[in-house]
Amino acid sequence: MVQAYRADTGNGLGPRPTGSRFRDLRDRLTRDPGIWRRGIVLAALAVLLTLVMAFHARVPNRIGNLGSLTETFLPWFGLFIPLLLVLGLVRRSGTALVALLLPVVVWLNMFGGLFTDKSGSGGDLTVATHNVNADNPDPAATADQVAGSGADVVALQELPAGKVAAYEKALAGRFRYHSVQGTVGLWSKYPLSDTRPVDLKMGWVRAMRTTVTTPEGPLAVYVAHLPSVRVKLHAGFTANQRDQSADALGKAIAHERLSRVALLGDLNGTMNDRSLNAVTAQMRSTQGAAGDGFGFSWPASFPMARIDQILVKGVEPMSSWTLPATGSDHLPIAARVRL
């Protein structure tokens with residue numbers, strides 16, 4: 001007996017080939033005459049977003065320091081990309097979706113490298129810095145937590161006179177040497193010398209310089225807390241005093257006689273902020289060179305910007321990271337460097 005077998009040619013109940021779906025989608029788009037006419041405004045917004053990110057240095061600072069404000073939160077401009085994507089899909093606009101490729105490419109070119117872990121092993125010295133907040137309710141716990149990072153050198157900012165003794169007591173068992181100048185201080189496992197305040201043109205001391213004599217040789221360490229900035233409706237991004245202090249700090253570091261230098265502190269600005277060029281143009285960020293991710297440090301409850309910095313020159317960053325939250329509104333940060 002001969003049995004005949006035949007293949008099912010399809011009755012509409014089985015899964016459709018993937019190629020058919022793509023062809024149907026292509027056909028629908030092709031038959032839609034408005035796909036390239038809709039979404040012109042969205043496409044224009046995508047181009048504008050691209051221009052702001054690509055030419056942020058051209059955004060003027062004359063009006064409310066708008067340029068510095070833009071650069072402070074520049075990574076967050078990437079959030080507009082998925083928003084425009086959703087709107088483009090809703091509008092079924094091919095023009096908007098194609099235009100959206102422009103800000104995607106620019107943002108990835110600027111910040112895509114931060115998503116790769118650049119940290120390495122080794123190093124001679126671990127440093128940490130923390131704005132402890134003058135209103136910190138538990139100085140001892142904060143100091144103990146930062147010291148627990150294993151740092152050889154710890155810089156603290158915003159030290160109120162009435163709480164300095166509490167920090168000194170909490171750190172005395174781990175660091176043999178320390179110096180407090182005004183509202184900033186440095187604790188070290190290695191000897192300190194040539195310690196002095198640094199004039200930030202503020203009228204009181206918020207920066208210092210010292211030499212840390214490590215087993216690998218001397219390292220000039222600067223600790224700084226630049227003036228705070230505010231965003232005000234009537235005045236914009238008020239950062240003039242911060243900018244003047246940054247220039248003064250940059251000059252002090254430029255005249256440093258030692259070849260190996262580290263700056264630890266709260267600069268109240270990011271590496272993208274042009275107003276900090278006097279400092280950032282001559283130093284490397286440990287986070288940018290050897291970190292993983294953006295390393296945002298402020299505000300501690302929802303970090304949006306890295307305004308706390310560890311910058312070096314004549315020193316090789318090996319790794320950089322953010323420490324867990326303390327009783328401060330800033331997160332402490334740390335880095336491992338090779339001298």
Side-chain angles (χ1 to χ4, degrees), residues 51-77 106-107 109-111 113-114 129 131 155 157 184 198-202 206-209 220-231 235-291 294-298 304-317 320 333 335 337:
L51 294 175
V52 171
M53 292 192 296
F55 300 101
H56 60 86
R58 301 293 182 89
V59 179
N61 252 348
R62 291 188 298 274
I63 304 174
N65 285 304
L66 183 60
S68 288
L69 178 61
T70 298
E71 290 164 338
T72 297
F73 299 102
L74 196 57
W76 293 94
F77 278 65
V106 170
W107 193 92
N109 182 62
M110 296 177 66
F111 302 110
L114 295 175
T129 182
N131 179 329
Q157 304 89 50
V184 298
V198 175
D199 184 10
L200 295 183
K201 311 301 181 184
M202 296 179 60
R206 290 196 7 165
M208 62 176 285
R209 181 262 180 222
V221 177
Y222 287 76
V223 183
H225 182 196
L226 297 187
S228 299
V229 297
R230 298 287 186 271
V231 180
F237 192 54
T238 57
N240 291 337
Q241 190 178 31
R242 189 279 312 267
D243 299 347
Q244 295 167 4
S245 292
D247 291 341
L249 178 61
K251 289 179 181 178
I253 295 174
H255 290 105
E256 173 58 50
R257 59 182 179 81
L258 294 181
S259 60
R260 295 185 291 193
V261 185
L263 169 61
L264 315 174
D266 173 8
L267 303 189
N268 271 307
T270 69
M271 293 296 292
N272 293 316
D273 191 337
R274 76 192 72 170
S275 296
L276 300 184
N277 279 352
V279 174
T280 58
Q282 57 179 319
M283 308 189 80
R284 299 174 68 193
S285 164
T286 58
Q287 181 67 26
F294 291 98
F296 294 149
S297 64
W298 176 88
M304 297 183 65
R306 185 179 178 87
I307 63 174
D308 302 276
Q309 307 288 352
I310 299 177
L311 307 180
V312 296
K313 70 175 179 178
V315 172
E316 184 66 26
S320 187
I333 61 176
V337 300

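The basis for the numbers below is simple: all heavy atoms, side chains too, and nothing from hydrogens, waters or symmetry mates.
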Query raised in the report: Is Gln287 reaching over with its side chain to a backbone N or O of Leu114, donor-acceptor style, under 3.5 angstrom?
Result: no
Query raised in the report: What pair of heavy atoms forms the shortest contact from His225 to Asn131, and how long is it?
Result: NE2-ND2, 3.6 Å
Requested in this report: Give a yes or no on whether the backbone of Gly250 and the side-chain of Gln282 come within a donor-acceptor separation of less than 3.5 Å.
Outcome: yes
Report summary line: Distance col, row Ile310:CD1 vs Ser320:OG, nearest 0.5 angstrom, shows 5.5 Å
Report summary line: In short, Met202 meets Ser245 closest at the heavy-atom pair CG-OG, 3.4 Å
Query raised in the report: Is the shortest side-chain N to carboxylate O distance from Arg306 to Asp308 below 4.0 Å?
Result: no
Query raised in the report: Which heavy-atom pair separates Ala278 from Ala246 by the least distance, and what is that distance?
Result: CB-O, 3.8 Å
Report summary line: residues 59-68 vs salt bridge (Lys or Arg N to Asp or Glu O under 4.0 Å), sequence neighbours excluded, gives none
Query - Approximate separation, where rounding is to 0.5 Å, of Met271 CE and Asn277 CG - result: 9.0 Å
Requested in this report: With side chain to side chain contact (heavy atoms under 4.5 Å, CB included) as the test, would you mind laying out the steps for Tyr222 and Leu311 before giving the verdict?
Outcome: CA-CA 10 Å; Tyr222 287 76; Leu311 307 180; over 6 Å; no
Report task. For Gly314 and Arg260, work out which heavy atoms get closest and say how close. Result -> O-CG, 3.2 Å
Requested in this report: For the residue pair Val261 and Val315, establish whether any side-chain heavy-atom pair is separated by less than 4.5 Å.
Outcome: no
Query raised in the report: To the nearest 0.5 Å, what is the distance between CZ (Arg209) and CG (Leu249)?
Result: 13.0 Å
Query raised in the report: How about Trp107: does its CH2 atom have over 12 heavy atoms from other parts shown lying under 6.0 Å from it?
Result: yes
Query - Interatomic spacing from CG in Leu264 to CD1 in Ile333 - rounded to 0.5 Å - result: 8.0 Å
Query raised in the report: For Thr270 and Glu71, what are the C-alpha separation, side-chain angles and deciding distance, and is it a side-chain hydrogen bond (donor to acceptor under 3.5 Å, both in side chains)?
Result: CA-CA 8 Å; Thr270 69; Glu71 290 164 338; over 6 Å; no
Query - Basic-acidic side-chain contact under 4.0 Å: Glu256, Lys313 - result: no
Query raised in the report: Which atom pair, heavy atoms only, marks the closest approach of Gln309 to Ser285?
Result: OE1-OG, 4.4 Å
Query raised in the report: For the atom pair CG (Leu200) and CZ (Arg242), what is the distance rounded to the nearest 0.5 Å?
Result: 12.5 Å
Query raised in the report: Can you name the nearest heavy-atom pair linking Val184 to Arg206, along with the distance?
Result: CG1-O, 3.4 Å
Requested in this report: Going by the ring pair (Phe, Tyr, Trp, His ring centres under 6.0 Å) test, name the single residue among Phe296, Phe294, Phe111 that passes it with Trp76.
Outcome: Phe296
Query - Nearest-0.5 Å distance, OG1 of residue Thr72 to CG of residue Asn272 - result: 8.5 Å
**Report entry** Side-chain donor/acceptor of Asn268 to backbone N/O of Val229, under 3.5 Å
**Finding:** no
